[in-house]
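This is a predicted model, so every value here is computed, not measured.
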Amino acid sequence: MRFKADEIASVIQAEIETYESQIDVREVGRVLEVGDGIARVYGLSGVMAGEMVEFPGGVAGVAFNLEENSVGIIILGDYLKINEGDEVRSTGQLLSVPVGDAVIGRVVDGLGNPIDGKGPIVTSERRPVETIAPGVSERQPVREPLQTGIKAIDAMTPIGRGQRELIIGDRKTGKTAIALDAILNQKNTGVKCFYVAIGQQDAKIAGVVEALRKNGAMDYTTVIISGASAPAPVQYVAPYAGTAMAEYFLWKGEHALVVYDDLSKQAQAYRQLSLLMRRPPGREAYPGDVFYCHSRLLERACKLSEKLGGGSITSLPIIETLEGEVSAYIPTNVISITDGQIYLQPDLFFAGQRPAMNVGISVSRVGGAAQIKAMKKVAGGLRLDLASFRELEAFAQLGTDLDAATQSKLDRGYRMQELLKQGQYSPMDVIDEVLSIYAGTRGHLDKIPRTDVADWEKGFLTFIRDQKPEIRKKLVDTQDLELDKTTNRNPELEAAIGEYQAQYAAKKKS
């Protein structure tokens, strides 16, 4: 057999042209010590802060502390699989999570891995967990309302798209309930919701997921779980991962709502990691940069300028206080970062006032800018009226005789309290809220027994829907309520309420 030189030459030339270097150059280090979710590694001299590293068995870690002779790494997985002397490789990548429509409706862990048994998340898009928040010039003021469906909040501490509103209170005062109702109320609004559970009991998280599924909210919600049994590094990373998923929709010009339940657990996880890494402790043993830990997270919530698409991320961080201690380190930090807070008081909660919102301490720094015109007109003096009612109520308990004007103020206050009560998983349409609050603030409930207020309200809203649809339609179309300048009342609505009062009285008699 004879070889053809030209054939051999062409094969060699083709091989040379298609030759690619397959040399994989990576920096490799060795584990010096490992335990409690962290590892100290020697030899990764070129690794960068926040860079991902890989341990044997596919366990990932993130460079957390860059020291002179070693690197402190937080382990995002089972640290019991890692042994002293194991090889560690740098990856040259930042920690990222899958994003896009594929994550909507899924339950994932703190690193974006699915844990709902519905198979892998099929998406080619990923976003880094940590990104720099948009600057001042890239934002616009918060003006668009985000309705929670909770009368007390939408009327007195309104939340706008792009706002950060803190929900704060002791354990078991209904913090999660408010956040869940806000998520349920986003149905058919196009707002994508992200519920990040940090350090919560697995049984409680299962209940939350079931409630979302039962009420049809999982169609537009992603649940990111980093429960009490998750390692501290994953609890620390989970809120950033949830925000990264929401940012995908922000930059597409869409709207997202992120609930962090709760950030006090994240701060504790961060404190644990920092102390293990021998970072110097500060107040309450938290590291000095725990404020930055929360501020760089919450500053990512914003309303982008129209030039950048006008998308928004609204944040509802939750903070748990101990014995109502609002002036503790983490609560004061987060209060100073956010645009207002909803303070839930145990006394009110146990007295049956749900949501147990303390009107005096709760505030929204966006205010009326995040309300529709009709709500602004009917709920304008509600906060002050309720605050003065609370003072009068305390005064009345002394047993002194009250004049008629004071007594009528008290009577109205009690009825407004009843009107603002709302059960869980029953968010209201904003137009229904306006109608209810109008009736209460204009004194139409003053002669109704306190125990019948909820029944009256339910009947009144049904009456408007069935018998006076034109009033409701006008409110829906204009989002405004025309008030007479002298009486501060709406003649059409007054006539409708008068008609309903007669029907209600006849019904009661029969």
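- Checked by atom type, the side-chain pair Gln407/Asp403 shows no donor-acceptor distance below 3.5 Å.
- Taking a cutoff of 4.0 Å between a charged side-chain nitrogen and a carboxylate oxygen, Lys175 and Asp170 do not qualify as a salt bridge.
- In terms of heavy-atom proximity, Thr123 sits nearest to Pro98 at CG2-CB, 3.7 Å.
- Comment: Glu393 does not engage Lys409 in a salt bridge, judged by the lack of any side-chain N to carboxylate O separation of less than 4.0 angstrom.
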Kindly indicate, with the supporting measurements, whether the criterion side chain to side chain donor-acceptor pair (under 3.5 Å) is fulfilled by Asp262 and Gln200. CA-CA 8 Å; Asp262 62 73; Gln200 302 294 325; 3.1 Å; yes

Show, in sequence, the C-alpha distance, side-chain angles and deciding distance for Tyr270 and Asp289, and conclude whether the side chain to side chain donor-acceptor pair (under 3.5 Å) test is met. CA-CA 10 Å; Tyr270 186 56; Asp289 63 341; 2.6 Å; yes

Could you go through the side chain to side chain contact (heavy atoms under 4.5 Å, CB included) check for Tyr240 and Arg296 one step at a time? CA-CA 9 Å; Tyr240 301 103; Arg296 75 174 188 267; 3.5 Å; yes

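- In terms of heavy-atom proximity, Met357 sits nearest to Ala152 at CE-O, 3.7 Å.
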Quick one: do Asp109 and Ile224 satisfy side chain to side chain contact (heavy atoms under 4.5 Å, CB included)? Show the steps, please. CA-CA 5 Å; Asp109 66 11; Ile224 296 102; over 6 Å; no

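- A donor-acceptor contact under 3.5 angstrom links the side chains of Tyr195 and Asp261, judged on distance only.
- In plain terms, the two heavy atoms of Ala246 and Val258 that are nearest each other are CB-CG2, 3.6 Å.
- A donor-acceptor pair under 3.5 Å links the side-chain atoms of Arg383 to the main chain of Ser362, judged by distance alone.
- Side-chain contact annotation: Arg126 with Ser96, donor-acceptor N/O pair under 3.5 Å present.
- We find that Glu492 and Lys468 are not joined by a salt bridge, their nearest charged nitrogen and carboxylate oxygen being 4.0 Å or further apart.
- Checked by atom type, the side-chain pair Thr176/Lys204 shows a donor-acceptor distance below 3.5 Å.
- Here the side chain of Arg415 pairs a donor or acceptor atom with the backbone of Asp446 at under 3.5 angstrom.
- Under the 4.5 Å side-chain criterion, counting only non-hydrogen atoms from C-beta, Thr478 is not in contact with Lys373.
- In the displayed structure, Tyr292 atom OH is contacted under 6.0 Å by at most 12 heavy atoms of other residues, nucleotides or ligands.
- Within the 3.5 Å criterion, the main-chain N or O of Glu433 finds no donor-acceptor partner in the side chain of Ser436.
- In this structure, CD1 in Ile319 is found 9.0 Å from CD in Gln266, a value given to the nearest 0.5 Å.
- When atom types are taken as modelled, the side chain of Gln422 and the backbone of Gly149 share a donor-acceptor pair closer than 3.5 angstrom.
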Hey, mind stepping through Ser312 and Val191 against side chain to side chain contact (heavy atoms under 4.5 Å, CB included) and telling me if it holds? CA-CA 9 Å; Ser312 72; Val191 176; over 6 Å; no

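- Ion pairing between a basic and an acidic side chain is recognised when a charged N comes within 4.0 Å of a carboxylate O; Arg271 and Glu284 show no such pairing.
- The backbone N or O of Ile361 lies less than 3.5 Å from a partner atom in the side chain of Gln341, making a donor-acceptor pair.
- Between Leu344 and Ile168 the shortest side-chain heavy-atom distance does not fall below 4.5 Å.
- Using cut-offs of 30° and 60° for the angle between ring planes, the Tyr500 and Tyr504 rings count as tilted.
- For the pair Thr131/Thr243, no side-chain contact is recorded, criterion being any heavy-atom separation below 4.5 Å from C-beta on.
- Classification of Lys458 and Asp455 as a salt-bridged pair fails, no side-chain N sitting under 4.0 Å from a carboxylate O.
- Side-chain contact between Ile372 and Pro145: present, with at least one pair of heavy atoms (C-beta onward) separated by less than 4.5 Å.
- At a cut-off of 3.5 Å, with distance as the only test, no side-chain donor of Gln235 or Gln268 sits close to an acceptor on the other residue.
- Without hydrogens or angle criteria, Lys151 side chain to Met428 main chain gives no donor-acceptor distance under 3.5 Å.
- Taken to the nearest 0.5 Å, the CZ atom of Arg300 stands 10.0 Å off from the CG atom of Leu298.
- Inspection of the Gln163 and Ser364 side chains reveals an N or O donor paired with an N or O acceptor under 3.5 Å.
- Judged purely by atom type and a 3.5 angstrom limit, Ser274 has no side-chain atom pairing as donor or acceptor with the backbone of Pro287.
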Going through the distances and angles, do His255 and Gln186 end up as a side chain to side chain donor-acceptor pair (under 3.5 Å)? CA-CA 10 Å; His255 304 283; Gln186 302 317 308; over 6 Å; no

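- Remark: the backbone N or O of Ile431 is paired with a side-chain donor or acceptor of Asp429 at under 3.5 angstrom.
- In this structure the side chain of Glu391 never reaches within 4.5 angstrom of the side chain of Phe389, judged on heavy atoms.
- Listed for the Arg442 side chain is a donor-acceptor partner under 3.5 Å among the backbone atoms of Asn488.
- The aromatic rings of Phe249 and Phe194 are tilted relative to each other, their planes meeting at an angle between 30° and 60°.
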Apply the test side chain to side chain contact (heavy atoms under 4.5 Å, CB included) to residues Val290 and Tyr329: give CA-CA distance (whole Å), side-chain angles for both, the deciding distance (0.1 Å), then the verdict. CA-CA 10 Å; Val290 74; Tyr329 188 32; 3.6 Å; yes

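- Of all heavy-atom pairs spanning Pro331 and Glu325, the tightest one is CG-O, 4.0 Å.
- Counting only N and O atoms by type, the side chains of Gln140 and Glu306 include a donor and acceptor under 3.5 Å apart.
- Under the 4.0 Å criterion applied to side-chain N and carboxylate O atoms, Arg472 and Asp432 are assigned as salt-bridge partners.
- Residues Arg354 and Gln424 have side chains not in contact (no heavy-atom distance under 4.5 Å, counting atoms from C-beta outward).
- A donor atom on one side chain and an acceptor atom on the other are found under 3.5 Å apart for Tyr438 and Glu494.
- Contact record, Ala232 with Ala269: O-CB, 3.6 Å, taken as the closest heavy-atom pair.
- Side-chain contact between Thr441 and Leu382 is present, with heavy atoms from C-beta onward closer than 4.5 Å.
- Formation of a donor-acceptor pair under 3.5 Å by the Lys377 side chain with backbone atoms of Asp480 is not found in this model.
- Here Arg489 does not pair with Asp484 in a salt bridge; the nearest charged N to carboxylate O distance is not below 4.0 Å.
- Scanning both residues, Val108 and Thr222, for their nearest heavy atoms gives CG2-CG2, 4.5 Å.
- Under a 4.0 Å N-O distance rule, the pair Glu299/Arg139 qualifies as a salt bridge.
- With a 4.5 Å cut-off on side-chain heavy atoms, Trp251 and Arg127 count as touching.
- Side chains of Trp456 and Gln501: a donor on one and an acceptor on the other come within 3.5 Å.
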Please assess Lys447 against Asp411 for the test salt bridge (Lys or Arg N to Asp or Glu O under 4.0 Å), listing each intermediate value before the final yes or no. CA-CA 9 Å; Lys447 292 186 173 65; Asp411 289 343; over 6 Å; no

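- Salt bridge status for Lys421 with Glu418: present, with a side-chain N to carboxylate O gap under 4.0 Å.
- Side chains of Tyr248 and Asp101: a donor-acceptor N/O pair is absent below 3.5 angstrom, by distance only.
- Going from atom CD1 of Ile342 over to atom OG1 of Thr157 covers 4.0 Å, rounded to the nearest 0.5 Å.
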